[in-house]
Amino acid sequence: MTDFTTEDQRWMARALELAEQGAYTADPNPLVGCVLVRNGEVVGEGWHRQAGTPHAEIHALAAAGDAARGATAYLNLEPCAHQGRTGPCAQALVQAGVARVVAAIVDPNPLVSGKGLAVLEQAGIQTGYGLLAAEAAALNRGFLKRHTENRPWFTVKCAASLDGRTALASGESRWISSKDSRTEVQHMRARASAILTGIGTVLADDPRLTVRMEGEWRQPARIVLDPSLRCPPDAKLFAEGGAVFVVTAHDDFERVRRLSQAGATVVRLPKLADGRIDLNAVAGWLAAQDFNEVLVEAGATLNGALLDAGMIDELVIYLAPMLLGSSARALFAMPPLPHMSAGRRLDISDVRQVGDDWRITAAVR
C-alpha cells in the first residue's frame with residue numbers, strides 16, 4: 001500500500017512529534033512515536049522513553065485499551081518482531097486487534113528489518129510504509145547509519161571567529177561563542193550518544209565535555225583519541241564521573257593502570273603508518289558500543305583527519321562577530337591545496353542567528 005491521505009500525513013506527523021520527546025533519553029534505541037486513530041479520533045498515543053522500558057506501541061495500546069481494536073496505528077519506524085529486553089511490538093498490535101499499521105520507514109536492524117510488517121500481514125492486518133520517510137530517516141539518522149554502514153553519525157561542532165579562527169596562537173579560546181550558542185551546544189551534547197575529542201584539546205583546554213542543563217537527560221560517553229597515552233589522570237573529564245574512554249594505539253602498562261584508576265576505560269585500536277589511530281577502526285568500535293550519534297568537539301588536527309577520511313556527516317559552525325587574525329588557530333588542519341578546485345565544498349542546509357553568533361549547518365560534499 002503506497003497511497004496515503006492527508007489524514008495519514010497528519011497522524012504520521014504527530015507520531016514524529018511524539019518520537020522527538022525521547023531525544024535525550026532513548027539512546028541507544030531509536031526514537032519512536034505511535035498514534036492510534038479510530039474513526040478519525042486519537043484513541044491512544046505514546047513514545048519510547050528509555051532503553052529497557054516499554055516501546056511506543058505499548059504505551060499507545062495501554063492508553064487506548066479496547067478502543068485499539070479496529071484502529072490504525074501510525075509509527076515512524078517499523079514495529080519490532082523480536083524478543084529483546086521487551087516483548088515484540090508487532091505481536092502486541094496483532095493481539096490488540098488493530099486493523100491497519102502505517103510505518104514511515106522499515107527498521108534497518110537485521111533483527112527486525114521487514115519482519116515486523118510480515119508478522120502484521122500474516123495476521124491479516126493492512127500495512128504500508130514510506131509516509132514521511134525522509135523526515136523519519138532524519139530523526140533516527142544515527143541509528144540508521146549504525147545499522148547500514150557500521151559506524152555512527154558524526155557531527156563536528158566548531159566555534160570560530162568570523163575569519164575562521166578557533167583560538168589564539170597561545171591556545172586561548174574562551175569564549176569565542178556567545179552564551180546562547182553555548183546553551184544550544186548543551187542540547188547537542190544531550191542528544192549525542194558520545195562526545196569525541198582529541199588529546200590535544202584535553203591538554204590545551206582540560207574540558208569536562210558534560211551536559212549541564214535542566215530537565216531529564218542521560219550523560220553521553222566521553223571519548224579521547226590519545227595515540228601515545230598522554231592523557232593526565234587528573235583531567236577534569238574524570239572528575240565528573242560517567243563513562244570515559246581513552247582510545248590509544250600505545251602499549252604502556254603503567255599509564256593504562258593510572259588512567260584506569262582515574263576512571264577511564266582504555267581501548268587499544270590499530271594505528272596507521274604515521275602513528276595516528278585508524279579512524280575506520282574507531283568508527284567500527286563506536287558502532288559496536290551501540291553509539292548512534294557522535295558529537296565531535298575537537299581541534300584542527302582531529303577535525304582535519306575526519307575531513308580527510310570522509311567521516312564528517314554534518315558540520316555545525318558557530319561564527320562569532322570578531323576577528324582573530326592570521327596567527328590564530330584554524331578550524332581544520334589541511335595540507336596545502338594545489339589549486340582552488342581542490343578545496344572542500346560544502347552544502348549548506350541552514351544559516352541562522354543564535355545570540356550574537358551565526359550558526360551554519362552544512363554537509364561535506
Side-chain angles (χ1 to χ4, degrees), residues 152 154-160 165-176 185 189 192-211 219-286 288-289 291 294-309 311-312 327-335:
F154 287 99
T155 295
V156 172
K157 186 277 296 180
C158 307
R165 303 292 171 168
T166 63
L168 299 178
S170 65
E172 181 183 349
S173 61
R174 295 184 179 180
W175 293 103
I176 290 179
V185 169
R189 288 179 179 178
S193 306
I195 301 170
L196 177 68
T197 193
I199 184 59
T201 297
V202 173
L203 294 175
D205 300 337
D206 197 15
R208 290 181 172 86
L209 298 179
T210 52
V211 177
Q219 196 70 259
R222 287 156 291 154
I223 303 162
V224 182
L225 297 191
D226 183 9
S228 302
L229 281 180
R230 294 185 292 153
C231 187
D234 61 351
K236 290 179 182 176
L237 284 166
F238 306 119
E240 299 291 329
V244 180
F245 297 89
V246 176
V247 179
T248 187
H250 192 61
D251 283 320
D252 188 313
F253 175 80
E254 183 57 28
R255 293 184 188 179
V256 170
R257 185 187 66 81
R258 290 200 298 267
L259 287 172
S260 298
Q261 288 182 338
T265 299
V266 180
V267 179
R268 193 177 189 282
L269 292 178
K271 63 181 178 180
L272 303 175
D274 59 7
R276 292 183 301 169
I277 299 171
D278 184 344
L279 289 179
N280 285 312
V282 172
W285 175 80
L286 291 167
Q289 309 311 304
F291 293 145
V294 173
L295 178 64
V296 181
E297 298 193 48
T301 300
L302 181 52
N303 289 345
L306 289 167
L307 180 68
D308 186 57
M311 287 188 178
I312 299 178
S327 65
R329 299 184 180 183
L331 279 167
F332 293 90
M334 297 172 60

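Just so you know, these numbers come straight off a predicted model, no measurement behind them.
- Remark: T155 pairs with W153, E314 by the side-chain hydrogen bond (donor to acceptor under 3.5 Å, both in side chains) rule, at least two apart or across chains.
- Closest of all the heavy-atom pairs between A281 and P270 is CB-CD, 3.8 Å.
- Under the ring-ring contact (aromatic ring centres under 6.0 Å, His included) criterion, F332 pairs with no residue at all, not counting sequence neighbours.
- Evaluation of the side-chain contact (heavy atoms from CB on, under 4.5 Å) rule for A192 yields L295 as partners, not counting sequence neighbours.
- Shown here are the salt bridge (charged side-chain N to carboxylate O under 4.0 Å, His left out) partners of R329, two or more places apart in sequence or in another chain: there are none.
- Interatomic distance, CH2 of W285 versus CD1 of I223, reported as 4.5 Å (0.5 Å rounding).
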- Apply the test side-chain contact (heavy atoms from CB on, under 4.5 Å) to residues L279 and F154: give CA-CA distance (whole Å), side-chain angles for both, the deciding distance (0.1 Å), then the verdict. CA-CA 12 Å; L279 289 179; F154 287 99; over 6 Å; no
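- Every pair passing salt bridge (Lys or Arg N to Asp or Glu O under 4.0 Å) that includes a residue from residues 259-286 is listed here, sequence neighbours excluded: D251-R268, D274-R276.
- When all heavy atoms of A330 and A300 are compared, the closest pair comes out as O-CB, 3.4 Å.
- For S260 against V266, the heavy-atom pair with the smallest separation is OG-CG2, 4.3 Å.
- Legend: residues meeting side-chain contact (heavy atoms from CB on, under 4.5 Å) with S327, ordered by chain and number and at least two apart, are absent.
- In terms of the side-chain hydrogen bond (donor to acceptor under 3.5 Å, both in side chains) criterion, residue partners of R189 (sequence neighbours excluded) are, by chain and number, E297.
- Atom CG of residue L286 and atom CG of residue L196 lie 6.5 Å apart, to the nearest 0.5 angstrom.
- For the side-chain hydrogen bond (donor to acceptor under 3.5 Å, both in side chains) test, no residue two or more places apart in sequence or in another chain qualifies with Q219.
- Here CD1 of I312 is found 5.5 Å from CG of L306. Values are rounded to the nearest 0.5 Å.
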I'd like a table of donor-acceptor pairs (distance under 3.5 Å, sequence neighbours excluded) in which one partner is a side-chain atom from residues 229-239, with atom names and distances.
none

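- In terms of heavy-atom proximity, P227 sits nearest to T248 at O-OG1, 3.0 Å.
- The side-chain contact (heavy atoms from CB on, under 4.5 Å) with I277 is formed by just one residue from the set L272, V247, D226, L302; it is V247.
- The side-chain contact (heavy atoms from CB on, under 4.5 Å) test applied to T265 returns F245, V267, not counting sequence neighbours.
- Every residue meeting the salt bridge (charged side-chain N to carboxylate O under 4.0 Å, His left out) condition with R255, not counting sequence neighbours, appears here in chain and number order: D252.
- The shortest non-hydrogen separation linking A298 to T197 is CA-OG1, 3.9 Å.
- Between L209 and I195, the shortest heavy-atom distance links the atoms O-CD1, 3.2 Å.
- Using a 4.5 Å cut-off on side-chain heavy atoms (C-beta onward), M311 and N280 make contact.
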- Just do the side-chain contact (heavy atoms from CB on, under 4.5 Å) check on N303 and L331 with the steps written out, would you? CA-CA 7 Å; N303 289 345; L331 279 167; 5.5 Å; no
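- Residues that satisfy the side-chain hydrogen bond (donor to acceptor under 3.5 Å, both in side chains) test with T210, not counting sequence neighbours, are R212.
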